[in-house]
2 protein chains.
Amino acid sequence: MSDESDSVDGRKARGNKRRAEIIDATLAIVTRDGAAGVTHRTVAKQAGVATSLSTYYFATLDDLLVAALSSVADVYTARIRQIIDGTGDKLRGLAELIAESAGPGRERALAERELSTLAARRPALAPIARRWRENVAELAATLTDDPEAIAALVAASDGLCTAILIDNAPSDPDYVHRILARALDAHAGRTGPRR
Amino acid sequence: MSDESDSVDGRKARGNKRRAEIIDATLAIVTRDGAAGVTHRTVAKQAGVATSLSTYYFATLDDLLVAALSSVADVYTARIRQIIDGTGDKLRGLAELIAESAGPGRERALAERELSTLAARRPALAPIARRWRENVAELAATLTDDPEAIAALVAASDGLCTAILIDNAPSDPDYVHRILARALDAHAGRTGPRR
DNA sequence: GTACAACTTGTACTATCGTACAAGTTGTAC
DNA sequence: GTACAACTTGTACGATAGTACAAGTTGTAC
């Protein structure tokens with residue numbers, strides 16, 4: 001009863017590894033061909049396993065998409081939490097995170113958006129897709145108490161990501177930071193810096 | 001040589017009408033089942049015509065999706081132009097347009113977002129998907145000269161639409177208007193109202 | 001009315017999908 | 001070593017996809 005869920009090299013561990021490999025393969029497919037390209041066959045081929053193995057771990061395609069979106073969301077959640085718990089400028093950290101969507105993080109951000117859009121139609125995906133916005137809101141809540149300022153920052157963050165991903169908008173962190181600061185510090189009567 | 005492209009009841013007219021019907025059917029499918037549900041067969045069934053007719057007017061599925069996105073974009077372009085050319089409060093008009101995404105315009109807005117996301121991967125769709133943002137930017141340009149304020153307003157508009165569509169955020173026009181005004185009128189030193 | 005092009009349909013071919021299922025392999029417990 | 005559960009594979013079935021194509025219908029020009 002000592003090793004319940006994480007025996008170092010049991011069958012469970014091997015199974016979890018396979019599971020993770022299949023999820024990674026799914027994200028690779030979403031990145032390359034879009035969510036529409038995700039099938040048990042394409043995923044299995046990408047992962048280098050038999051088609052049946054994908055159905056063994058994920059009975060339905062929805063299960064697979066939910067797991068994939070969860071995986072992406074987890075990464076972003078960890079990044080934002082790192083910013084929140086860190087000592088640096090939180091708004092600047094968010095700006096840099098958003099600006100990454102134009103560079104190395106572009107593919108992952110695109111996959112996240114693709115899966116999020118899918119969430120509008122698949123209830124199982126909705127709560128996971130909500131996490132990104134909730135995370136940004138939580139970060140914003142450490143900078144202001146004004147609910148509208150929080151909503152404005154969330155909207156600005158999302159819109160900036162869209163602009164960068166779809167419109168190839170400029171992604172200079174300083175530029176992004178200024179737009180975000182604008183949403184946060186409107187002429188609501190207050191002038192001094194927060195926190 | 002009098003009636004070149006718009007003879008009142010010629011074969012061309014009938015063809016254009018059929019073409020429009022198929023596009024409408026496509027939008028209905030995107031609204032109901034998402035872009036992934038668009039096939040020549042489903043569209044033809046929705047339109048009440050033979051499957052082959054869809055392929056007759058739109059040789060490939062991409063052609064059909066491009067036409068559908070164009071159709072949606074045209075509607076929004078006309079609405080925004082109406083606001084720009086009108087005499088009312090432009091920012092308020094935009095806020096009301098965005099707030100519509102929660103009500104009667106939800107399906108159309110969802111279809112537009114779905115097709116826009118698709119645009120990230122299909123070059124033919126990209127310039128059309130860009131139109132919505134360009135239209136908002138044009139509206140913003142009538143309210144301010146600050147490029148960053150314009151970018152902020154565009155981002156806020158897009159983010160608010162996402163919040164309403166994906167997150168079921170509140171869609172009170174007054175609320176939307178305040179968020180938009182916040183993005184536009186930041187603490188750039190100016191205080192008075194515009195225009 | 002006759003011819004032609006535009007329009008419309010039904011049918012069929014090939015490919016791929018989700019899924020099921022029986023069989024084989026492997027690691028662990030006793 | 002023996003049994004069992006987890007893992008992995010190959011194969012196959014029914015459904016549906018894009019597409020092609022020959023045939024039929026209709027409106028317009030002469």
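First the proteins, then the strands, lettered A, B, ... as listed; each starts at 1.
An OP1 or OP2 oxygen of C:dT8 is reached within less than 4.0 angstrom by a side-chain nitrogen or oxygen of B:Arg18. The phosphate of D:dT8 has neither OP1 nor OP2 within less than 4.0 Å of any side-chain N or O from A:Tyr56. An OP1 or OP2 oxygen of C:dC17 is reached within less than 4.0 angstrom by no side-chain nitrogen or oxygen of A:His40.
For the atom pair SG of B:Cys161 and CZ of B:Arg106, the computed distance is 11.5 Å after rounding to the nearest 0.5 Å. Atom CG of B:Asp185 is separated from atom OG1 of B:Thr144 by 8.0 Å, given to the nearest 0.5 angstrom. Here the straight-line distance linking atom CD1 of B:Ile164 with atom CD of B:Glu100 works out to 10.5 Å at 0.5 Å rounding. Residue B:Asp158 holds its CG atom at 11.0 Å from CG of B:Leu153, rounded to the nearest 0.5 Å. Note that the CG atom of B:Asn135 and the CZ atom of B:Arg79 stand 12.5 Å from one another [nearest 0.5 Å]. One distance of note links CZ of A:Arg130 with CD1 of B:Ile166; it measures 9.5 Å at 0.5 Å rounding.
At whole-Å resolution of the value, CZ in A:Phe58 and C1' in C:dT19 are 17 Å apart. As rounded to whole Å, 6 Å separates atom C1' of D:dT8 from atom CG of A:Leu53. At whole-Å resolution of the value, NZ in B:Lys17 and C1' in C:dA6 are 17 Å apart. In this structure, the CG atom of A:Asp33 is 14 Å from the P atom of C:dT16, given to the nearest Å. Rounded to an integer number of Å, the gap from CG of B:Leu64 to P of D:dT19 is 11 Å. B:Arg19 places its CZ atom 15 Å from the C1' atom of C:dA6, with the value rounded to the nearest Å.
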Listing, residues 26-34 of chain A side-chain donor-acceptor contacts under 3.5 Å, not counting sequence neighbours, or none:
| unit_1 | atom_1 | unit_2 | atom_2 | d |
| --- | --- | --- | --- | --- |
| A:Thr26 | OG1 | A:Ile22 | O | 2.9 |
| A:Thr31 | OG1 | A:Leu27 | O | 2.8 |
| A:Arg32 | NH2 | A:Gln46 | OE1 | 2.5 |

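Between A:Arg19 and A:Asp24, no side-chain nitrogen of the basic residue sits less than 4.0 Å from a carboxylate oxygen of the acidic one, so the salt-bridge criterion is not met. Residues B:Glu112 and B:Arg108 are not paired through a salt bridge, judged by the lack of any N-O separation under 4.0 Å between the basic side chain and the carboxylate. In summary, B:Glu21 and B:Arg18 engage in a salt bridge, as defined by a charged side-chain N under 4.0 Å from a carboxylate O.
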List, with names and distances, any nitrogen or oxygen atoms from the protein found under 3.5 Å away from nitrogen or oxygen atoms belonging to nucleotides 20-24 of chain D.
none

Strictly under 3.5 Å: I want the nitrogen or oxygen pairs between protein and nucleotides 13-16 of chain D, one per line.
none

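In the region residues 42-51 of chain B, proximity to DNA chain C at under 4.0 angstrom, judged on heavy atoms, holds for B:Val49, B:Ala50.
Here A:Tyr57 lies in heavy-atom contact (under 4.0 Å) with sugar-phosphate atoms only.
Looking only at distances, no side-chain donor or acceptor of B:Ser54 sits under 3.5 Å from a matching main-chain atom of B:Thr51.
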Verify salt bridge (Lys or Arg N to Asp or Glu O under 4.0 Å) between B:Asp85 and B:Lys90, making sure each step is shown before the conclusion. CA-CA 9 Å; B:Asp85 297 337; B:Lys90 293 177 176 54; over 6 Å; no
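Sorted by first then second residue, the ring-ring contact (aromatic ring centres under 6.0 Å, His included) pairs that include residues 58-109 of chain B, not counting sequence neighbours, are B:Tyr76-B:Trp132.
By the neighbour-count criterion of 12 heavy atoms within 6.0 Å, atom CD of A:Glu107 is sparsely surrounded, having that number or fewer from other residues, nucleotides or ligands.
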Dot-bracket summary - DNA chain D, pairs being Watson-Crick or G-U whose distances fall under 3.5 Å, with | when paired to another strand: ||||||||||||||||||||||||||||||
